[in-house]
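Notes for the one structure printed next.
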Amino acid sequence: MFRKKGGKKTPKISTASLPDIVFMLLFFFMVVTVMRETEQLVNVKYPKATELQKLEKKSLVSSIYIGKPTPKYTEKFGTAPRIQLNDAFADKEDIISFIQDERSQLDEKLQNKMTTSLKVDQDVKMGIITDVKKELRKAGALKINYSAVQRGGDN
Amino acid sequence: MARKKEREVPEINASSMADIAFLLLIFFLVTTTMDIDKGILVTLPPYVPNQEEIDVKIKQKNVLEILVNAKDQLLVEGEIMDVKELKELAIKHVDNNGRDPDFSDSPQDAVVSLQNDKGTSYNRYIEVYNEVRAAYNDLRNKKSQSKFGVNYNDLSKDQQREIRDIYPLKLSEADPTDFGNEK
């Protein structure tokens with residue numbers, strides 16, 4: 001209405017920090033999304049090896065965890081090594097349907113490239129692993145990966 | 001009221017913003033363990049329901065027999081052995097080319113047979129598997145170095161196949177024994 005001389009200018013908010021904030025958020029989300037999406041029900045300490053290969057496409061990899069149940073679950077499930085598929089404990093009979101389920105989520109062209117990553121604790125005995133491998137062969141999931149960490153490196 | 005000009009809101013100094021952002025960035029960089037899945041890639045043989053005893057005639061000398069018992073001890077070709085010696089022996093076995101009558105005729109004929117017990121620990125199994133892989137990787141690298149001058153992993157797909165045909169990894173895994181439970 002009235003023009004006050006000199007004007008009460010609305011002060012400019014500095015936008016110089018905006019890119020920084022955006023970057024910060026970006027980095028934050030980058031970091032967060034890499035973290036595993038399933039809750040770990042079993043303890044897995046990977047064995048060490050030297051001849052490691054990287055698994056390229058994450059979407060083509062489905063994981064099977066085998067190890068002792070975490071302290072939270074030892075009361076219920078004991079300390080014998082168990083198989084974990086997705087978010088739940090499972091028996092070896094469930095593996096075939098698990099593989100079929102995972103496979104059906106993939107594009108048809110990529111289905112034969114599916115890799116199953118066996119994340120097995122180093123103290124687990126081979127009996128259970130042999131059983132799992134047999135089930136995987138039955139399910140036709142022939143590409144598997146024994147997860148391991150580089151020997152000499154820090155975990 | 002009289003002097004409006006003096007009441008302008010001072011600009012907040014934002015130059016430290018970048019520092020804060022970097023600090024956070026570095027914090028996250030350091031604290032996160034990027035969960036890259038690494039491991040030993042293996043292709044399993046397809047499942048055959050009623051496995052008939054198919055008599056595949058393989059000369060005994062072409063087979064490197066590795067047995068692992070429930071106590072994680074190794075028996076290679078009938079002798080107790082440490083895992084560390086396995087790689088060298090495997091290289092000797094595969095790259096023998098008929099020199100030593102106890103080892104393979106040629107790399108193409110060489111077979112590594114691995115049998116473990118149900119009580120063998122996964123750790124030992126991976127160790128053994130790793131040593132066999134290491135032996136083959138060594139041989140392939142050596143071959144590709146002499147042939148193409150670069151490591152096996154840096155070759156093109158066709159070249160890799162060429163090398164792979166010279167040193168094919170034939171690893172047969174027998175059904176595990178079950179002596180571990182007898183105690």
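Sequence lines set the chain letters: A, B, ... in the order given, protein chains first and strands last, and positions in each chain run from 1. What you see is a predicted model, and the numbers here were worked out from it, not measured in a lab. FYI, side chains are in, hydrogens and waters are out, and symmetry mates aren't considered; it's all heavy atoms of this structure.
- Within 6.0 Å of atom NZ in Lys138(A), more than 12 heavy atoms from other residues, nucleotides or ligands are found, so the atom counts as buried in its surroundings.
- For Pro47(A), the parts sitting under 4.5 Å from any heavy atom of chain B are the backbone and the side chain alike.
- Distance check: Asp175(B) CG to Lys134(A) NZ gives 6.0 Å after rounding to the nearest 0.5 Å.
- Residue contact with chain A, scored on non-hydrogen atoms closer than 4.5 Å, is absent for Pro10(B).
- The shortest distance between side-chain heavy atoms of Lys125(A) and Tyr122(B) does not fall below 4.5 Å.
- In this structure, chain B has no heavy atom under 4.5 Å from any part of Asp131(A).
- When the candidates Thr115(A), Leu118(A), Thr130(A), Asp123(A) are compared by the number of heavy-atom contacts under 4.5 Å with chain B, Thr130(A) comes out ahead.
- No single ILVMFWY cluster, assembled from side-chain heavy atoms under 4.5 Å apart, contains both Val44(A) and Ile64(A).
- Taking OG1 from Thr43(B) and CG from Leu142(A), the interatomic distance works out to 7.5 Å, rounded to the nearest 0.5 Å.
- In this structure, Tyr47(B) and Arg137(A) approach most closely via the heavy-atom pair CB-O, 3.3 Å.
- Looking only at side-chain heavy atoms (C-beta outward), Gln122(A) and Glu127(B) stay at 4.5 Å or farther from each other.
- The hydrophobic cluster containing Ile166(B) also contains Leu169(B), counting ILVMFWY residues as joined when their side-chain heavy atoms lie under 4.5 angstrom apart, directly or transitively.
- Atom NZ of Lys170(B) sits in a crowded spot, with more than 12 heavy atoms from other residues, nucleotides or ligands closer than 6.0 Å.
- Connection of Ile66(A) to Val149(A) is not established within any shared hydrophobic cluster, with ILVMFWY side chains joined at heavy-atom distances below 4.5 Å, either directly or through further cluster members.
- Residues Leu52(A) and Lys38(B) come closest through the heavy atom pair CD1-CD, 4.2 Å.
- No more than 12 heavy-atom neighbours from other residues, nucleotides or ligands sit within 6.0 angstrom of CD on Glu108(A).
- Contacts between Leu55(A) and chain B at a heavy-atom distance below 4.5 Å involve backbone atoms as well as side-chain atoms.
- Note on Val120(A): it clusters hydrophobically with Leu44(B), by side-chain heavy-atom contacts below 4.5 Å among ILVMFWY residues.
- Closest of all the heavy-atom pairs between Ala49(A) and Ile126(B) is CB-CG2, 4.1 Å.
- Ranked by heavy-atom pairs shorter than 4.5 Å toward chain B, the options Ser117(A), Ala148(A), Ala141(A) are led by Ala148(A).
- Residues Leu114(B) and Leu67(B) do not share a hydrophobic cluster, defined by chaining ILVMFWY side chains whose heavy atoms lie under 4.5 Å apart.
- Counting heavy atoms of neighbouring residues, nucleotides and ligands inside a 6.0 Å radius, atom CD of Gln108(B) exceeds 12 of them.
- For Glu51(A) against Ile40(B), the heavy-atom pair with the smallest separation is O-CG1, 3.8 Å.
- Looking only at heavy-atom pairs under 4.5 Å with chain B, the residue among Met126(A), Lys143(A), Lys54(A) that has the most is Met126(A).
- Open room surrounds NZ on Lys92(B); 12 or fewer heavy atoms of other groups in view lie less than 6.0 Å from it.
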